[in-house]
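Structure first, then comments.
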Number of protein chains: 2
Amino acid sequence: MPIDRIDRQILSLLQADGRMTNVDLAERVGLTAPPCLRRVRALEEAGAIRGYHADLDAARLGYPITVFAMVSLRSQAEHDLSAFENHVAAIPEVRECHMLNGEIDFILKIVASDLKSFQEILTTHLTPAPNVASVKTSLTIRTAKSISGIPVPPE
Amino acid sequence: MPIDRIDRQILSLLQADGRMTNVDLAERVGLTAPPCLRRVRALEEAGAIRGYHADLDAARLGYPITVFAMVSLRSQAEHDLSAFENHVAAIPEVRECHMLNGEIDFILKIVASDLKSFQEILTTHLTPAPNVASVKTSLTIRTAKSISGIPVPPE
DNA sequence: GATGAAAATAAAACGTT
DNA sequence: AACGTTTTATTTTCATC
């Protein structure tokens, strides 16, 4: 699936503003609306665009706490790795779970409404999970940068 | 700014599908379109909704590498912390920068088109930055979960 | 919060290069 | 194979109640 310059412009614009109207988008990339919409649909079907999401202010909506948890397992057999992934997939406060190389097996991003509820998630759902060797957590003091997606290639 | 049950439903639906039409949204929350749109605009103005973004598949679009970098600084004076934040804000491959408590001062999420370009970012932009004491990096093997936003409260 | 109307947009059909 | 024009359906948005 070849992606040309116009496709990249479309992706970049929709990444910045996911609710931009198709006529706006078409104008910005120098097309009329129908071919522009066809390109957007094609990018969606090809999986280049996975979806569109409202970006919510977690702190204002009852989740002021963000914590990163570095998890090491006792066994790194594939079966045990995916068992852990399935385990955290069911915890709604765990928003991200990335498998890493090196000493740390997983890094998790966890949100919580307060420290008490974070501690509860940690001690009842995470630390006692099967195969967990160690969990080191760090509270987020502040987030200086958070841009979803990918860098915009210079045109 | 009070958020009621309908507002939470709206947030949850727009978080899941940021391009849902307002008539769809209104129907799902049991309103007609005009009051629903007024609520959405109010949530946007209040900052509960920060924006809307297309969710792109970085790997398919030229950024198959995601790395987490744990950075420690020599000085944690506010001036030095914000100097580092400003420094990484200008590096397009650095997508996230969170200040943490504990031994690690910052965790960064970095994307790259290949390992060579990642090494270049690391050795020319990150490690030699002013005040940096240590940078430990881990490659992401796979991402098991990545849900933007906040948990949906049960209704 | 609902209704109804006007403007804008999206989507389909069709023709062109 | 991809863009443009035209047409139709839907959606957004505003005035009014």
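Each chain gets a letter, A, B and so on, in the order its sequence line appears, and its residues count up from 1. Computation of the quantities below employed the complete heavy-atom set of this structure, encompassing side-chain atoms and omitting hydrogens, waters and symmetry-equivalent molecules. What you are looking at is a predicted structure, and each value in this text was computed from that prediction instead of being measured.
Rounded to an integer number of Å, the gap from B:R19 CZ to D:dT11 P is 13 Å. Atoms CG (B:L25) and C1' (D:dT12) sit 13 Å apart, rounded to a whole Å. Note: CG (B:N22) to P (D:dT13) measures 8 Å, nearest angstrom. Atom CD1 of B:I6 and atom C1' of C:dA2 are 14 Å apart (whole Å). Rounded to an integer number of Å, the gap from CD of B:E27 to P of D:dT10 is 13 Å. Between A:M20 atom CE and D:dT11 atom C1' there is a gap of 18 Å when expressed in whole angstrom units. Between the CG atom of A:D7 and the P atom of D:dC3 there is a distance of 9 Å, given to the nearest Å. Taking atom CG of residue A:L37 and atom P of nucleotide D:dT8, one finds them 19 Å apart after rounding to whole Å.
Side-chain proximity of A:P34 to D:dT11, C:dA10, D:dT5: nearest is D:dT5. For B:L31, the side-chain atoms get nearest to C:dG1 when compared with the rest of C:dA12, C:dT9, C:dG1. Among the nucleotides C:dA10, D:dA2, C:dG1, the one closest to the side chain of A:R39 is D:dA2. Of the candidates C:dT9, D:dG4, D:dT11, the closest approach to any side-chain atom of B:V23 belongs to D:dT11.
A donor and an acceptor atom, one from each side chain of A:Q15 and A:Y52, are nowhere located under 3.5 Å apart. One side chain, A:H98 or A:E96, offers a donor N or O that lies under 3.5 Å from an acceptor on the other.
Mapping B:T21 and A:P35 onto DNA chain D by nearest heavy atom places A:P35 closer to the 5' end of the strand.
Electrostatic pairing of A:D4 and A:R39 counts as a salt bridge here, judged by a charged N lying under 4.0 Å from a carboxylate O.
Using a distance-only test at 3.5 Å, with no hydrogens or angles considered, a donor-acceptor pair links the side chain of B:R19 to the main chain of A:G18. Counting only distance, with no hydrogens or angles, the side chain of A:T140 and the backbone of A:T66 share a donor-acceptor pair below 3.5 Å.
Contact annotation: B:R41 does not reach the phosphate of D:dT12 (side-chain N/O to OP1 or OP2, under 4.0 Å). The phosphate of D:dG4 (OP1 or OP2) has no side-chain N or O of A:R38 nearer than 4.0 angstrom.
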